[in-house]
2 protein chains.
Amino acid sequence: MEYDVYIQTCPTRLVLDRLADKWAVLVLGKLDEQPVRFNQLKREIDGISQKVLSQTLKKLERDGLVSRSVFATVPVTVEYAITPLGRTLTSTVAALTRWAEENIEAVLQAQQKYDRSA
Amino acid sequence: MEYDVYIQTCPTRLVLDRLADKWAVLVLGKLDEQPVRFNQLKREIDGISQKVLSQTLKKLERDGLVSRSVFATVPVTVEYAITPLGRTLTSTVAALTRWAEENIEAVLQAQQKYDRSA
DNA sequence: CTGGATCCACAATGATACTG
DNA sequence: CAGTATCATTGTGGATCCAG
C-alpha cells in the first residue's frame with residue numbers, strides 16, 4: 001500500500017475530506033435506496049439548504065460516486081443516482097449512520113457525565 | 001427505531017456531525033492501534049495543528065469515545081486511549097480510511113474525466 | 001510535554017433573489 | 001423544477017505566544 005491517509009499530501013486525504021462530510025454521508029445514504037430528484041432530496045434531508053445540496057451533489061458527481069441524469073420534460077427533471085463506485089461505499093456510510101442511531105444514548109450519557117464533572 | 005439522522009433536530013445528527021470529521025476519523029484510527037501521547041499523536045497525524053488536535057480530543061473525550069489519563073511524571077505525561085464505546089466504532093472508521101486508500105485511483109480518474117468534459 | 005489564550009485570514013453557510 | 005448569483009455572517013483553522 002503506497003497511499004497513507006496519515007500523510008498530509010497524500011491524495012487519499014482529499015477523498016477522506018469528501019467522505020468525512022455530514023451532508024455527503026446523508027446524500028449517499030438516501031441515494032443508496034433509490035434514484036432521487038433534486039427537490040425531493042432537499043425535502044428528505046432535513047435542514048440542508050438548496051445551495052449546500054447543490055454543492056454536495058456536484059462534488060460527489062465529480063468524484064464519480066453519483067450520476068446526474070437530465071430528462072427533457074417540462075419542466076425539466078433531474079435525477080441523481082448512485083454509481084457502481086459509489087455503491088462500494090454505501091455499506092460503510094450506512095454503518096456510520098446506523099452507529100449514530102444505535103449509540104446515541106451512550107454518547108448523550110457520556111456527555112452529561114463529562115459536563116457534570118467539569 | 002425512534003431516532004432518524006435525516007431529521008434535523010434528531011440528536012443522532014450531532015453524533016454524525018462528530019464522526020463526519022476528517023480529524024476525528026484520523027485520531028480514532030490512530031488510537032485504535034494503541035494509546036498515544038499528545039505530541040506523538042500530533043506528529044503521526046500529518047498536518048493537524050495543536051489547537052485542532054486539542055479540540056478534537058476534547059470532543060471525543062466528551063462523547064465518551066476516548067479516555068484521557070494523566071501521569072504525574074516530570075514533565076507530565078498524558079495518554080489518550082480509545083474506550084470500549086469508541087472501540088465499537090473503529091471498524092467502521094477504519095473501513096472509511098481503507099476505502100479512501102483503495103479507491104483513490106478510481107476517484108482521481110473520475111475527477112479528470114469530469115474536469116475534461118466541463 | 002501538554003496544552004490554554006489570542007489574533008487573524010479564509011472558507012463555509014444561510015438568506016434572498018433571480019433564471020431557464 | 002433545478003438550479004445560479006450575490007451578500008452578509010459565522011465559523012474554523014492556522015500561527016504564535018505563554019504557562020503549569
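Order of the sequence lines fixes the chain letters, A, B, ..., with proteins taken first and strands second; residue numbering starts at 1 for each chain.
Checking C:dT13, C:dC1, D:dA2 against every side-chain atom of A:K51, the shortest atom distance belongs to C:dT13. Here D:dG13 is the nucleotide among D:dG13, D:dC1, C:dG3 with the atom lying nearest to any side-chain atom of B:V52. Residue A:Y80 has its side chain nearest to D:dG3 when only C:dG4, C:dG3, D:dG3 are considered.
Linking ILVMFWY residues whenever their side-chain heavy atoms come closer than 4.5 Å, directly or via other members, leaves A:I104 and B:I7 in distinct clusters. Residue A:V66 is grouped with residue A:V52 when hydrophobic side chains (ILVMFWY) are merged at heavy-atom distances under 4.5 angstrom, including chains of intermediate members.
Contacts with DNA chain D (heavy atom under 4.0 Å) in residues 14-42 of chain A: A:R37, A:F38, A:N39, listed by number.
Residues B:V76 and A:I48 each lie close to DNA chain C; by heavy-atom proximity, the contact nearer the 5' end of the strand is made by B:V76.
The base of D:dG14 is not paired with the side chain of B:Q50 by any donor and acceptor separated by under 3.5 Å.
Put simply, CG on A:L65 and OG1 on A:T88 are 7.5 Å apart, with the number rounded to the nearest 0.5 Å. One distance of note links CD of A:E79 with CG of A:L41; it measures 11.0 Å at 0.5 Å rounding.
Between A:D32 and A:R87, at least one side-chain N (NZ, or NE/NH1/NH2) sits under 4.0 Å from a carboxylate O, which counts as a salt bridge.
Contact annotation: A:R68 side-chain N/O to D:dG3 OP1/OP2 distance is under 4.0 Å.
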Checklist entry - Could you walk me through whether B:R37 and B:F71 pass the side-chain contact (heavy atoms from CB on, under 4.5 Å) check? => result CA-CA 11 Å; B:R37 282 177 299 114; B:F71 300 99; over 6 Å; no
